[in-house]
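Comments concern the structure below.
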Amino acid sequence: MARADGVLVTPDGWSPEHGPEEPGVTYDQEIVWDLFTNYIEAAAVLGVDAEYRQKVSQLREGLLKPKIGSWGQLQEWPEDRDDIRDEHRHVSHLFALHPGRQISPVETPELANAARASLKARGDQSTGWAMAWRINFWARLLDGDHAHRLLRNLLHITGKGNNVDYGKGGGVYSNLFDTHPPFQIDGNFGATAGIAEMLLQSQAGEIHLLPALPREWADGSVAGLKARGNVTVDIAWKGGKVISATLRSAADTRATVRFNGRTQMVTIKGGQAVRLGG
């Protein structure tokens, strides 16, 4: 729907489990922006719907965009009503940071800093998928040490039974099942996704190797990670630097790879491997 000023907003929106229902809630707006962007890019790749693609592009431009509030936070609602003392486990208005791609430290640094302010205010202690989501947020902000600290928090062994605070203090059982009462697979899968985001990101149009590597993982290797474009990536590193990487794709593709502070264009032939040195 269009507001009186012509800006497009979602009707009757809600930031899950948090705040009033009203048009233009940030969470909803960010999802629509991502949906429009995915459609525009897919239609361009397929060479279809040129006229409708242009219409969707215009609609995307007309959307209410993320806003920065009075204490430097990313606003959760169209109005600046965020409480800096609020430590609610949900941080849904950061969807544009992860899994969305409207916000990034490189392309939108001011909005990324606002997302960082919101995360700091909400705090590091949470439970279940909310903790896992925080790991992914900090990885997307390229802060591997902070993401690692949250991963350690998530993996602590909690007490028996349901003696777990829904808002804070969750961990895992001795079998590593997430303890958001009584069990939440989102916490397990989300934490795994966070580890992958610390080692590989590709949402910004390039394949970024070790974008949020924590200092405690100075040496290591990983195999079989997937980058956008169906590119399989293996990485080995030492002293926090990539010493080798292998990229494979079933189809011919070109990609920009960022590693060790530089970028390199590579052409991958379908079914073959490209190897990069440190």
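Just so you know, residue 1 is the first one in the sequence shown, and it goes up from there.
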Out of curiosity, does W33 fall in the hydrophobic cluster containing I31 (side-chain heavy atoms, cut-off under 4.5 Å, transitive links)? no
Would you find a donor on one side and an acceptor on the other, under 3.5 Å apart, between the side chain of D49 and the backbone of Y52? no
I'd like to know if the side chain of R140 pairs up with that of S104 as donor and acceptor (distance under 3.5 Å, no hydrogens or angles considered). no
Could you give me the CA-CA distance, side-chain angles and deciding distance for L247 and I207, then say whether side chain to side chain contact (heavy atoms under 4.5 Å, CB included) is met? CA-CA 10 Å; L247 286 74; I207 298 174; 4.0 Å; yes
Have S126 and R89 got a donor and an acceptor in their side chains that come within less than 3.5 Å? no
Can you see which heavy atom on L97 is nearest to which on A115, and at what distance? CD2-CB, 4.2 Å
Smallest separation among heavy atoms of Q29 and L63, with atom names: NE2-CD2, 3.9 Å
Check this for me, if you would: do E206 and R228 make a salt bridge, where the nitrogen-to-carboxylate-oxygen distance has to be below 4.0 angstrom? no
Compare all side-chain heavy atoms of R116 with those of W138 and state whether any distance is below 4.5 angstrom. yes
Give the minimum heavy-atom separation between M198 and P211, together with the two atoms involved. O-CD, 3.4 Å
Does atom NZ (K226) have a neighbourhood of more than 12 heavy atoms from anything else shown, all under 6.0 Å? yes
W77 and G19: which non-hydrogen atoms are nearest, and at how many Å? CZ2-CA, 3.5 Å
Out of curiosity, T253 OG1 to I268 CD1, how far, rounded to the nearest 0.5 Å? 6.0 Å
Side-chain contact, heavy-atom cut-off 4.5 Å: D186 with W133? no
By the definition side chain to side chain contact (heavy atoms under 4.5 Å, CB included), identify the one residue from L59, L8, T10, V9 that meets it with V32. T10
May I ask you to test the V25-W14 pair for a side-chain heavy-atom distance under 4.5 Å? no
Within one Ile-Leu-Val-Met-Phe-Trp-Tyr cluster: V266 and L225, side-chain cutoff 4.5 Å: yes
Supply the atom-to-atom distance D234 CG to L276 CG, rounded to the nearest 0.5 angstrom. 11.5 Å
Has the side chain of N38 got a donor or acceptor atom that lies under 3.5 Å from a matching backbone atom of D34? yes
Given 3.5 Å as the limit, does a donor-acceptor pair link the side chain of R134 with the main chain of A130, or not? yes
Before giving the answer on side chain to side chain contact (heavy atoms under 4.5 Å, CB included), spell out for F137 and V91 the whole-Å C-alpha distance, their side-chain angles and the decisive distance to 0.1 Å. CA-CA 10 Å; F137 287 146; V91 202; 4.0 Å; yes
Where the side chain of K67 meets the backbone of P78, is there a donor-acceptor pair that is under 3.5 Å apart? yes
Are V56 and V48 in one and the same hydrophobic cluster, where Ile, Leu, Val, Met, Phe, Trp and Tyr link if side-chain heavy atoms are under 4.5 Å apart? no
Between R248 and T232, is there a side-chain donor-acceptor contact under 3.5 Å, judged purely by atom types and distance? no
Between the main-chain N or O of G171 and the side-chain N or O of T179, is there a donor-acceptor pair closer than 3.5 Å? yes
Among E76, H90, H88, the one residue meeting side chain to side chain donor-acceptor pair (under 3.5 Å) with H18: E76
Is any side-chain heavy atom of R149 closer than 4.5 Å to one of D124? yes
Validation row: S15, S92 side chains within 4.5 angstrom (heavy atoms): yes
Establish whether V106 and F259 are linked, either directly or via other cluster members, by ILVMFWY side-chain heavy-atom contacts under 4.5 Å. no
How long is the gap from OG1 on T127 to NE2 on H180, to the nearest 0.5 Å? 5.5 Å
Any donor-acceptor N/O pair, H156 side chain to N153 backbone, under 3.5 Å: yes
Do side-chain atoms of D80 reach the backbone of S70 as a donor and acceptor pair under 3.5 angstrom? yes
Identify the two heavy atoms, one from D178 and one from Y173, that lie closest to each other, and give their separation to 0.1 Å. O-CE1, 4.0 Å
Do E30 and R60 sit within salt-bridge range, that is, some charged N less than 4.0 Å from a carboxylate O? no
Counting only heavy atoms not in F189 (residues, nucleotides, ligands), do more than 12 fall under 6.0 Å from its CZ? no
Less than 4.5 Å apart, side chain to side chain, heavy atoms only: is that true for V257 and L209? yes
Looking at side-chain heavy atoms only, is the closest gap between R3 and L64 below 4.5 Å? yes
If I take atom CD from residue Q73 and atom CG from residue D82, how far apart are they, to the nearest 0.5 angstrom? 4.0 Å
State, to 0.1 Å, how close Q184 and W129 come at their nearest heavy-atom pair, and which atoms those are. OE1-N, 2.6 Å
Can you tell me how far apart CD (Q272) and CG (D252) are? Round to the nearest 0.5 Å. 8.5 Å
Regarding E197 and N136, do their side chains bring together a donor and an acceptor under 3.5 Å, going by distance alone? no
Donor-acceptor contact present, side-chain E41 to main-chain F36, <3.5 Å: no
Does one hydrophobic cluster hold both L111 and L94, with members joined at side-chain heavy-atom distances below 4.5 Å? yes
Could you grab the distance from atom CH2 of W217 to atom CG of L210, nearest 0.5 Å is fine? 10.5 Å
Kindly indicate whether the side chain of I68, heavy atoms from C-beta on, has any atom under 4.5 Å from the side chain of E110. yes
